[in-house]
Amino acid sequence: YFKHIMKMKEPGNKHTLRGTEVHKQAQDYVEGKLAAVPAACSKFAAELTKLRKDKALCETEWAFGPDWSEQTWFSKLYRLLRVKTDVCAVYRKGTELHVVDHKTGRTNPDHEEQLSLYATAALVKYPAAKKVLTELWYHDSGEKVSQEFTREDLPGLKKYWEETTDEMCI
């Protein structure tokens with residue numbers, strides 16, 4: 001109703017609002033807007049400090065067309081894969097990448113598909129990349145879910161996401 005009828009942003013609940021706040025605090029710290037790691041992010045203090053030191057990029061927006069060419073965020077192609085990363089660090093002249101997604105609440109196996117999505121987009125965006133480490137950081141528990149992908153995985157990843165996006169467009 002809010003989104004489609006009233007053309008308003010949907011109101012958040014206490015869980016989504018908290019998740020948004022934790023995400024913002026982590027981003028502000030990595031970008032140097034906060035002097036210290038916020039308490040809500042303390043379970044990943046060392047990791048956030050490393051990302052800050054390494055000048056990781058926050059809130060990157062990557063968009064790809066049906067041929068995997070890079071597109072603008074608002075392109076209107078038939079099939080367009082859009083990915084927004086919470087944090088992306090580029091190492092060794094673009095040959096190694098680290099993509100992080102901030103989460104709150106309990107670990108959820110349904111979130112793990114995101115790791116392959118981030119890996120696909122990162123490997124396409126950075127053609128020199130040989131490997132990408134993708135992670136979900138659960139700030140409430142301190143748990144981390146990690147998966148590493150290599151350049152050799154890219155054809156299978158592309159095929160999976162092509163089939164998945166085709167199903168969404170039917």
Side-chain angles (χ1 to χ4, degrees), residues 9-10 12-34 37-64 68 70-71 73-74 80-92 94-127 129-151 153-154 156-158 160-165 168:
K9 185 177 179 181
E10 295 184 51
N13 61 43
K14 68 180 183 179
H15 304 290
T16 60
L17 293 173
R18 183 172 174 284
T20 299
E21 182 58 28
V22 169
H23 174 276
K24 178 77 171 118
Q25 289 176 13
Q27 178 181 340
D28 286 349
Y29 177 74
V30 170
E31 291 179 338
K33 296 174 186 171
L34 297 176
V37 175
C41 304
S42 63
K43 291 182 172 99
F44 292 100
E47 293 92 335
L48 288 167
T49 299
K50 180 174 179 1
L51 289 171
R52 177 179 176 146
K53 179 182 160 280
D54 296 340
K55 299 187 182 343
L57 306 170
C58 295
E59 294 295 306
T60 58
E61 295 177 339
W62 304 331
F64 307 98
W68 293 97
E70 195 162 358
Q71 303 292 318
W73 189 251
F74 293 105
L80 181 66
L81 180 67
R82 296 189 333 165
V83 176
K84 189 172 195 173
T85 66
D86 289 347
V87 185
C88 179
V90 180
Y91 298 104
R92 293 178 181 34
T95 63
E96 294 182 18
L97 308 170
H98 183 196
V99 178
V100 175
D101 190 61
H102 299 292
K103 300 286 189 196
T104 52
R106 295 184 299 261
T107 57
N108 183 337
D110 291 343
H111 295 161
E112 292 181 31
E113 188 175 45
Q114 286 179 267
L115 298 175
S116 74
L117 177 63
Y118 293 140
T120 307
L123 289 165
V124 172
K125 170 79 177 165
Y126 293 92
K130 295 178 183 172
K131 66 180 178 178
V132 57
L133 173 64
T134 58
E135 295 187 312
L136 305 173
W137 291 0
Y138 290 87
H139 287 268
D140 292 339
S141 66
E143 291 180 70
K144 187 187 295 186
V145 176
S146 304
Q147 192 168 359
E148 188 172 281
F149 298 85
T150 66
R151 173 75 38 202
D153 296 322
L154 187 57
L157 291 167
K158 281 182 173 180
Y160 173 80
W161 287 105
E162 287 167 2
E163 291 170 356
T164 301
T165 57
M168 288 184 219

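Throughout, residue positions are numbered sequentially from 1 according to the sequence presented.
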Item to complete: Kindly indicate whether the side chain of Tyr138, heavy atoms from C-beta on, has any atom under 4.5 Å from the side chain of Val145.
Response: yes
Worksheet item: For Glu21, which of Arg18, Gln25, His23 qualifies under side chain to side chain donor-acceptor pair (under 3.5 Å)?
Response: Gln25
Worksheet item: Should we say atom CZ of Arg92 is surrounded by more than 12 heavy atoms from elsewhere, each under 6.0 Å from it?
Response: no
Item to complete: State, without any angle test, whether Thr95 and Tyr126 hold a side-chain donor-acceptor pair at a distance under 3.5 Å.
Response: no
Practice prompt. Check whether any side-chain heavy atom of Gln114 lies under 4.5 Å from a side-chain heavy atom of Lys103, and answer yes or no.
Written response: yes
Fill in: Any Trp137 side-chain heavy atom under 4.5 Å of Val22 side chain
no
Item to complete: Please round to the nearest 0.5 Å and tell me the distance separating atom CD of Glu112 and atom OG1 of Thr134.
Response: 9.5 Å
Practice prompt. Answer yes or no: is there a side-chain heavy-atom contact under 4.5 Å between His98 and Leu51?
Written response: yes
Worksheet item: Would you say Lys144 and Glu47 make side-chain contact, with heavy atoms under 4.5 Å?
Response: yes
Discussion item. Could you check whether Glu59 pairs with Lys84 (Lys NZ or Arg NE/NH1/NH2 to Asp/Glu carboxylate O, under 4.0 Å)?
Written reply: yes
Discussion item. Is any side-chain heavy atom of Leu81 closer than 4.5 Å to one of Leu117?
Written reply: yes
Worksheet item: Any salt bridge between Glu61 and Arg82, counting N to O under 4.0 Å?
Response: no
Worksheet item: Any side-chain heavy atom of Thr85 within less than 4.5 Å of one from Lys125?
Response: no
